[in-house]
Amino acid sequence: MPELPEVETVTRGLARVLTGRRIRRVELRRDGLRFPFPEGFAARLEGSLITGLSRRAKYILVNLDSSLCLLIHLGMTGRFTVLGDTALGHGEFYYKSETAKTGSGAHDHVVFTLDDGARVIYTDPRRFGIMDLLLESEMTTHKLLKDIGVEPLGNALSSSYLAKKFHRKSAPLKAALLDQQIIAGLGNIYVSEALHRTGLSPKRKAGSLVRRKAVDPRLDELVRNVRNILNEAILAGGSTLQDFAGSDGVEGTYQQRFAVYDREGEPCQKSGCGGTIRRIVQSGRSSFYCPTCQK
DNA sequence: AGTCGAGCCTGCTGGC
DNA sequence: TGCCAGCAGGCTCGAC
């Protein structure tokens with residue numbers, strides 16, 4: 001279930017296992033995921049030292065001493081399992097998706113073996129995930145990275161930035177916020193949540209929040225809420241990671257805190273609102289909102 | 001140019 | 001109980 005907070009959580013978890021380790025072996029159990037693996041994928045990774053991990057939008061970037069970088073996208077159902085003795089201790093660490101793990105291993109597509117003996121397994125039933133290799137110098141020119149917008153947790157996201165991007169935009173707010181070329185890493189859930197907290201309808205045209213002179217104060221509030229919600233979710237996911245212990249995957253706790261997502265028919269939680277959460281479909285995807293308090 | 005729908009895959013859920 | 005439509009947290013491409 002990877003949106004930005006989930007990818008951030010996985011990246012942090014993997015960083016503790018992978019950083020400083022050398023990749024001993026890469027086993028590919030099929031030709032590719034969403035795209036074919038690049039030429040010589042396994043061979044180019046084997047023997048490399050992992051110098052660090054970072055995240056850009058919903059992409060995980062694994063930096064190697066060979067000035068190569070392994071780019072990973074979890075798609076909809078990608079997850080990692082770490083088996084063996086690692087820096088995290090002995091046991092198993094999951095990033096577990098909503099869908100139960102199959103257990104059969106039928107969807108284990110890539111297995112990395114590290115120099116400390118740990119095995120890092122990439123599982124992805126739907127195979128919407130991506131793995132690619134790029135040079136560090138291609139970080140801003142790579143096909144998948146070059147058009148990506150600002151990170152929502154960084155300083156570059158501001159109400160004036162949004163005002164510029166939304167100016168004369170006729171697409172609904174929902175679609176504009178999902179647009180990775182505007183904001184990097186926002187997904188279907190957190191867009192619904194941020195719009196609800198801000199009291200803005202997902203159907204409203206993005207351009208309607210831009211006036212000629214002053215920046216609409218609702219854009220300030222939207223930016224604040226996007227940040228707060230993402231940070232709250234990262235905290236909830238992070239606490240899950242710290243709880244890793246046994247062989248059971250532990251899910252992030254933020255799901256319990258959704259105000260609108262997947263709550264169709266339930267009463268709006270905003271005090272004094274009294275509305276009922278609705279589900280509509282926008283550009284093929286579910287939007288959840290309260291028609292009473294989101295205008 | 002901007003916007004929208006279809007498609008990529010598999011698995012789970014809910015309604016009949 | 002069994003079947004089948006509908007749905008899923010992402011992204012790209014093509015058509016309008």
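By convention in this document, chain letters (A, B, ...) are assigned in the order of the sequence lines, proteins followed by strands, and residues within each chain are numbered from 1.
When the shell of 6.0 Å around NZ of Lys205(A) is examined, it contains 12 or fewer heavy atoms from other residues, nucleotides or ligands.
What separates CE of Met76(A) from P of dG7(B) is a distance of 16 Å, to the nearest Å. Atom pair Ile148(A):CD1 and dC11(C):P shows a separation of 8 Å (rounding to whole Å applied). Between the P atom of dG5(B) and the CZ atom of Arg285(A) lies a distance of 13 Å, rounded to the nearest Å. As a whole-Å value, the separation of Gln282(A) CD from dT3(B) C1' is 13 Å. Rounded to whole angstrom, the span from the CG atom of Leu74(A) across to the C1' atom of dC9(B) amounts to 16 Å. A straight line from CZ of Arg79(A) to C1' of dG11(B) spans 12 Å, rounded to a whole angstrom. Look at CZ on Arg30(A): it is 12 Å from C1' on dC8(B), rounded to the nearest Å. In this entry the distance linking CG of Asp124(A) with P of dC9(B) reads 12 Å, nearest Å.
Contact detail for Met131(A) and Ile72(A): the closest heavy-atom pair is CG-CG1, 4.1 Å. When all heavy atoms of Gly117(A) and Arg24(A) are compared, the closest pair comes out as N-NH2, 4.3 Å.
When the P atom is used for both dG6(C) and dA6(B), the distance is 13 Å, rounded to whole Å. Nucleotides dC3(C) and dC9(B) have their P atoms positioned 26 Å apart, rounded to a whole Å.
In this structure, Ser283(A) does not reach the dT3(B) phosphate: none of its side-chain N or O atoms is under 4.0 Å from OP1 or OP2. Using a 4.0 Å cut-off, some side-chain N or O of His73(A) falls inside it from OP1 or OP2 of dC11(C). A sub-4.0 Å separation between OP1 or OP2 of dC9(B) and a side-chain N or O of His107(A) is absent. Of the side-chain N and O atoms in Lys169(A), one or more sit less than 4.0 angstrom from OP1 or OP2 of dT3(B). Between Lys143(A) and the phosphate of dC13(C), there is a side-chain N or O to OP1/OP2 separation shorter than 4.0 Å. Residue Thr77(A) places none of its side-chain N or O atoms closer than 4.0 Å to OP1 or OP2 of dC9(B).
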Worked check of salt bridge (charged side-chain N to carboxylate O under 4.0 Å, His left out) between Arg21(A) and Asp116(A)
CA-CA 7 Å; Arg21(A) 300 265 61 89; Asp116(A) 61 358; 3.7 Å; yes

One pair to check against salt bridge (charged side-chain N to carboxylate O under 4.0 Å, His left out): Arg197(A) and Glu193(A). What are the steps and the verdict?
CA-CA 6 Å; Arg197(A) 198 176 284 190; Glu193(A) 294 296 313; 6.0 Å; no

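Aromatic stacking is marked for Phe128(A) over dC8(B), as both cut-offs hold: 5.5 Å for the centres and 30° for the planes.
Interface remark: the Arg127(A) side chain does not form any donor-acceptor pair with the dC9(B) base, using a distance-only criterion of under 3.5 Å. Donor-acceptor pairing under 3.5 Å, judged by distance alone, is present between the side chain of Arg34(A) and the base of dC11(C). Looking at Arg126(A), its side chain comes within 3.5 Å of the base of dA8(C) through a donor and an acceptor atom.
No contact: Tyr190(A) has no heavy atom under 4.0 Å from any strand. Within 4.0 Å of Arg168(A), counting heavy atoms only, lies no atom of the nucleic acid at all.
Panel note: side chain Glu151(A), backbone Ala156(A); no donor-acceptor pair is recorded below 3.5 Å. The closest donor-acceptor contact from the side chain of Arg44(A) to the backbone of Glu39(A) lies under 3.5 Å.
With a cut-off of 3.5 Å on both Watson-Crick or G-U wobble distances, the partner of dC9(B) is given as none.
Note that CG of Leu200(A) and CG of Leu195(A) are 6.0 Å apart. Values are rounded to the nearest 0.5 Å.
Shown for residues 171-189 of chain A: residues whose heavy atoms fall under 4.0 angstrom of DNA chain B, namely Ala171(A), Pro172(A).
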